[in-house]
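Worksheet: the structure to be examined is printed underneath.
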Amino acid sequence: MIVAEAVCLRAFAFRVIYELEGNGLSITCEVKNCDEQIMYFGLGAHPGFRVPLRAGKRFEDYRLRFEAPCHPRRIGFTDDCFLDGIDQAFPLEGDQLLPLSHGLFDDDAIVLKEAGRRVTLETTGDPRSVSVEFPGMDYLGLWHMPGTDAPYVCIEP
């Protein structure tokens, strides 16, 4: 575990804690307000994972498995990346699976709400997978460079 004390040198302190636990990695971000005023902030990450995970597989062989059956809604955005207030149903196969394809991201990022708290990148016939858990986070972003055959997918709580 790598831990550094959050020291206030300005109006706020920011600390990231990485913990290796077995074959898992836990990342905790802490923001400390060192001022008397209310501090608004936003925090995001952009973790990307190579797809395919194993040679001999294709991007299209993979899928995202949501931890439990769910009915996520896709957050609508304008062309300028502002919320447009139009959220739409984003059906999953069997209410749990999202097959990957490069064309899935041609309209840019997919931001979901009501998508549970865990998603697993997997393929059939291979025990190797990557799970991302996001307790306490209400939205999940999925992305890769639009209009390309990029060999990765970003899973962004």
- Give me the other members of the hydrophobic cluster that Ile86 sits in, counting Ile, Leu, Val, Met, Phe, Trp and Tyr linked by side-chain heavy atoms under 4.5 Å, directly or via other members.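 Traced through the cluster, Ile86 reaches no other member.
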- Query: Crowded around Met145 CE? As in, over 12 foreign heavy atoms under 6.0 Å?
  - Reply: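 12 or below, so no.
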Taking the side chain as C-beta and beyond, is there a heavy-atom pair between [X] and [Y] under 4.5 Å?
X	Y	value
Leu64	Ile155	yes
Lys32	Phe14	no
Val111	Leu142	no
Lys57	Asp61	yes
Leu112	Ile75	no
Val31	Cys29	no
Leu53	Tyr62	yes
Glu30	Ile17	yes

- Query: In the single-linkage hydrophobic clustering (I, L, V, M, F, W, Y; side-chain heavy atoms under 4.5 Å), do Met137 and Phe49 co-cluster?
  - Reply: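 Yes, same cluster.
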- Query: Taking a hydrophobic cluster as the set of Ile, Leu, Val, Met, Phe, Trp and Tyr residues connected by side-chain heavy atoms closer than 4.5 Å, whether directly or through intermediates, do Met39 and Val16 fall within one such cluster?
  - Reply: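 Both belong to a single hydrophobic cluster.
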Can you list every salt bridge (charged side-chain N to carboxylate O under 4.0 Å, His left out) pair that touches [range], not counting sequence neighbours?
range	value
residues 148-157	none
residues 117-131	Arg54-Asp126, Arg63-Glu122, Arg65-Glu122, Arg117-Asp138, Arg118-Glu133
residues 79-98	Asp87-Lys113

- Query: Could you give the distance from NE2 (His46) to SG (Cys154), rounded to the nearest 0.5 Å?
  - Reply: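 One gets 4.0 Å once the value is rounded to the nearest 0.5 Å.
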- Query: To the nearest 0.5 Å, how far apart are CG in Asp108 and CH2 in Trp143?
  - Reply: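 So the CG of Asp108 and the CH2 of Trp143 are separated by 7.5 Å.
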- Query: Does the pair Leu92 and Leu97 meet the rule for a side-chain contact (heavy atoms from CB on, under 4.5 Å), with working shown?
  - Reply: CA-CA 5 Å; Leu92 304 174; Leu97 301 174; 5.7 Å; no
Quick one: list whatever passes side chain to side chain contact (heavy atoms under 4.5 Å, CB included) with [X], sequence neighbours left out.
X	value
Tyr40	Ile38
Asn23	none
Gln37	Asp35
Pro151	none

- Task: Please report the C-alpha distance between Asn33 and Phe41 in whole Å, then the side-chain angles of each, then the deciding distance to 0.1 Å, and finally whether the side-chain contact (heavy atoms from CB on, under 4.5 Å) criterion is met.
- Result: CA-CA 10 Å; Asn33 183 358; Phe41 72 93; over 6 Å; no
Considering all heavy atoms, the nearest [X]-[Y] contact:
X	Y	value
Ala115	Pro72	CB-CB, 4.0 Å
Arg74	Ala109	NH2-O, 3.0 Å
Leu140	Pro157	CD1-N, 4.1 Å
Leu104	Pro99	CD2-O, 4.0 Å

- Item | Flag, side chain of Asp106 to backbone of Gly147, donor-acceptor distance under 3.5 Å |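 Yes, the answer is positive, given that a donor and an acceptor are paired below the 3.5 Å cut-off.
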- Message: Looking at Pro52, is its backbone amide N or carbonyl O close enough to the side chain of Arg50 to form a donor-acceptor pair, meaning the two atoms are under 3.5 Å apart?
- Response: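 Checking the backbone N and O of Pro52 against the side chain of Arg50, a donor-acceptor pair under 3.5 Å is found.
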- Item | Any residue meeting ring pair (Phe, Tyr, Trp, His ring centres under 6.0 Å) with Tyr139, in chain and number order, not counting sequence neighbours |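 Partners of Tyr139 by the ring pair (Phe, Tyr, Trp, His ring centres under 6.0 Å) criterion come out as none, since no residue qualifies.
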- Taking ring pair (Phe, Tyr, Trp, His ring centres under 6.0 Å) as the test, write out the residues that go with Phe105, two or more places apart.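 Ring pair (Phe, Tyr, Trp, His ring centres under 6.0 Å) list for Phe105, sorted by chain: His144.
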- Sequence-distant partners of Glu114, salt bridge (charged side-chain N to carboxylate O under 4.0 Å, His left out), two or more places apart: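 Not a single residue meets the salt bridge (charged side-chain N to carboxylate O under 4.0 Å, His left out) criterion with Glu114.
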- Pairs touching residues 73-96 that satisfy ring pair (Phe, Tyr, Trp, His ring centres under 6.0 Å), sequence neighbours left out: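 Matches after skipping sequence neighbours: none remain.
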- Task: List the steps and the verdict of side-chain contact (heavy atoms from CB on, under 4.5 Å) for Thr123 and Val51.
- Result: CA-CA 10 Å; Thr123 187; Val51 180; over 6 Å; no
